Protein chains: 2
Amino acid sequence: MLLSKSCIYGMRAALYLASSSNNKYISIKQISNDLDISPHFLTKILQELTRVDLLESQKGPTGGVRLKRAGDEVTLVEIVAAIDGMDLLTECALGLPGCGTAKPCPLHEQWADTRDEIKKMLQDTTLSDLVRKGKEGNLRITADGSFDWLPKEN
Amino acid sequence: MLLSKSCIYGMRAALYLASSSNNKYISIKQISNDLDISPHFLTKILQELTRVDLLESQKGPTGGVRLKRAGDEVTLVEIVAAIDGMDLLTECALGLPGCGTAKPCPLHEQWADTRDEIKKMLQDTTLSDLVRKGKEGNLRITADGSFDWLPKEN
DNA sequence: CATATTTAAGACCATCTTGTCTTAATTATA
DNA sequence: TATAATTAAGACAAGATGGTCTTAAATATG
Ligand code: FES
Ligand code: FES
């Protein structure tokens, strides 16, 4: 798998938050309900994103989480880096230590190119890009397509 | 991680076998020694490659494993498919079921492109390609670079 | 035929990821 | 201030992956 489940959940939650026009706090419970993700598990993941300042949180009633920066300034690679780390984008495809330094492996040339494509894709895509696309095409971020990109004004 | 450890080990062993000019049986013990991989674990992996007819094996003294087809006719994607399956090359980046069919996810466009790059790379690269490159550049397929692409004529 | 060597098969354990649960700390609101 | 709602923190369980070990089956060789 390219990305861990934690990372995928984190991305989907970030998209959810970026789709909220007014940047109010939204409870993790609501997110987990709407995206059909285990609430406790999602809490742990979003705590990590809060720790690295991608989100900010508030406790208590009316509390929740929200993006700390505008959605068009957050790229996917930041979420991947926060949760899965940069290993995918730096390591040897054959698992050998120190990709690129000194002797590379025979796959290095091909993999370095491919890896750059992945990296570029993650670096060039912002949350807002995906939200825009999602709203226009009514695309899904849940298994059953239940999430409908409603502007959340509550 | 892009590929599982099993898959990486299988690839490195396949490269090892493809580097042997005369296509004699080579014992898994020797491979595991030269590539510094746990012999029992490697045995299990190579059994899988034998099961799908990428390798053939013989028991007993002078036995071992060897490529069933010529190295220039075996592409990396076959090894990946045999060990990790095709999930990486068919599934949704956000983990949603049925990528591409019906409603895609917002990442689909970008991911489908990137995924095709990975697929193309794996499909276009043969074991012989990598062996040639490895021999020319004296590249490594072990952590410490101890494997030296000697023609094995024993 | 007896023996040693090798792969085949599968039980078993360790480690990592995923997911659940409990408790504590914080905070809006009546 | 008391209460309820919420995030924070971390223990714990379940499942997947990685890795070890034992036994069986096959086979070359003396
Ligand atoms: S050294 Fe193997 S991919 Fe760079
Ligand atoms: S539907 Fe998500 S990547 Fe294709």
Side-chain angles (χ1 to χ4, degrees), chain A residues 1-13 17 24-68 80 82-85 87-88 94-95 143 154, chain B residues 1-13 17 24-33 35-68 80 82-85 87-88 91 94-95 143 154:
Chain A
M1 213 183 320
L2 190 78
L3 303 173
S4 70
K5 279 203 160 191
S6 296
C7 190
I8 287 173
Y9 291 163
M11 264 194 200
R12 287 170 56 202
L17 290 171
K24 294 293 181 211
Y25 287 112
I26 299 179
S27 80
I28 298 177
K29 193 155 188 296
Q30 180 183 333
I31 304 174
S32 71
N33 273 335
D34 288 353
L35 298 186
D36 199 38
I37 301 173
S38 149
H40 284 112
F41 193 32
L42 186 60
T43 299
K44 219 174 4 181
I45 295 163
L46 297 190
Q47 275 173 19
E48 186 61 32
L49 294 183
T50 302
R51 214 170 290 132
V52 301
D53 278 335
L54 278 170
L55 305 183
E56 57 190 349
S57 65
Q58 195 188 28
K59 294 175 182 175
T62 78
V65 295
R66 67 182 179 195
L67 289 182
K68 194 155 186 179
V80 173
I83 299 178
D84 280 352
D87 283 5
L88 173 69
L94 293 187
N154 45 339
Chain B
M1 216 183 320
L2 189 79
L3 303 173
S4 70
K5 281 205 161 187
S6 297
C7 190
I8 287 172
Y9 291 162
M11 265 195 198
R12 287 170 55 203
L17 290 170
K24 294 292 179 212
Y25 286 113
I26 298 178
S27 80
I28 299 177
K29 194 156 189 291
Q30 180 184 332
I31 305 175
S32 72
N33 273 335
L35 297 186
D36 199 38
I37 300 173
S38 151
H40 284 113
F41 193 31
L42 185 59
T43 298
K44 217 173 6 179
I45 295 163
L46 297 190
Q47 276 174 18
E48 186 62 33
L49 293 183
T50 302
R51 214 170 290 132
V52 300
D53 278 334
L54 278 169
L55 305 183
E56 56 191 351
S57 66
Q58 196 189 26
K59 294 177 182 174
T62 78
V65 294
R66 66 182 181 195
L67 290 182
K68 192 154 189 179
V80 172
I83 299 178
D84 281 352
D87 284 5
L88 173 68
E91 287 199 340
L94 292 188
N154 45 337

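A quick note: this is a predicted structure, and the numbers were derived from the prediction, not measured. We name chains A, B, ... by the order of the sequence lines, and we start the count at 1 in each one.
Counting only heavy atoms from C-beta on, A/His40 has its side chain closest to C/dT22 among C/dT22, D/dA8, C/dA28. Side-chain proximity of A/Phe41 to the nucleotides C/dT7, C/dG19, D/dA8 is greatest for C/dG19. Which of D/dT27, C/dG19, D/dG19 sits closest to the side chain of B/Tyr9 comes down to D/dG19. When distances are taken from the side chain of B/Pro61 to each of C/dA4, C/dG19, D/dT20, the shortest belongs to C/dA4. Counting only heavy atoms from C-beta on, A/Arg51 has its side chain closest to D/dA9 among D/dA9, C/dT18, D/dG18. Side-chain proximity of A/Ser27 to D/dT7, C/dA8, C/dA28: nearest is D/dT7. For B/Lys59, taking side-chain heavy atoms from C-beta onward, the closest of the listed nucleotides D/dT27, C/dT27, C/dT20 is D/dT27.
Going from atom CD of B/Gln47 over to atom C1' of D/dA26 covers 13 Å, rounded to whole Å. One interatomic measurement links the two molecules: CZ of B/Arg66 to P of C/dT7, which rounds to 13 Å at whole-angstrom precision. Put simply, CZ on B/Arg12 is 15 Å from C1' on D/dG18, counting in whole angstrom units. If you take CE of B/Met1 and C1' of D/dG18, they are 10 Å apart, rounded to a whole angstrom. Across the protein-nucleic acid pair, B/Lys29 atom NZ and C/dA4 atom C1' stand 13 Å apart, rounded to whole Å. One interatomic measurement links the two molecules: CG of A/Asp87 to P of C/dT17, which rounds to 10 Å at whole-angstrom precision. In this structure, CD1 of B/Ile37 is placed 12 Å from C1' of D/dG19, rounded to the nearest angstrom. One interatomic measurement links the two molecules: NZ of B/Lys44 to P of D/dG19, which rounds to 10 Å at whole-angstrom precision.
With rounding to the nearest 0.5 Å, the separation of CD1 in B/Ile28 from OG1 in B/Thr50 is 7.0 Å. A/Ile45 CD1 to A/Met11 CE: the interatomic distance, rounded to the nearest 0.5 Å, is 12.0 Å.
Distances shown here put every side-chain N or O of A/Gln58 at or beyond 4.0 Å from the OP1 or OP2 atom of D/dA5. Taking only side-chain nitrogens and oxygens, B/Ser6 never comes nearer than 4.0 Å to OP1 or OP2 of D/dT17. Dashed line: the shortest gap from a side-chain N or O of B/Ser38 to OP1 or OP2 of D/dT20 is under 4.0 Å. Phosphate proximity of C/dA28 to A/Thr62: absent, as no side-chain N or O sits under 4.0 Å from OP1 or OP2.
Looking at which nucleotide of DNA chain C each of A/Leu42 and B/Thr50 is closest to, the 5′-most match is held by B/Thr50.
Counting only heavy atoms from C-beta outward, the side chains of B/Arg66 and B/Lys24 never approach each other to under 4.5 Å.
Nucleic acid contact class of A/Ile28 (heavy atoms, under 4.0 Å, all strands): sugar-phosphate only.
With hydrogens and angles disregarded, a donor-acceptor distance shorter than 3.5 Å links the side chain of B/Arg12 to the backbone of B/Leu35.
Closest heavy-atom contact between B/Ile31 and B/Ala13: CG2-CB, 4.1 Å.
The number of heavy atoms from other shown groups lying within 6.0 Å of CG (A/Asp87) is above 12.
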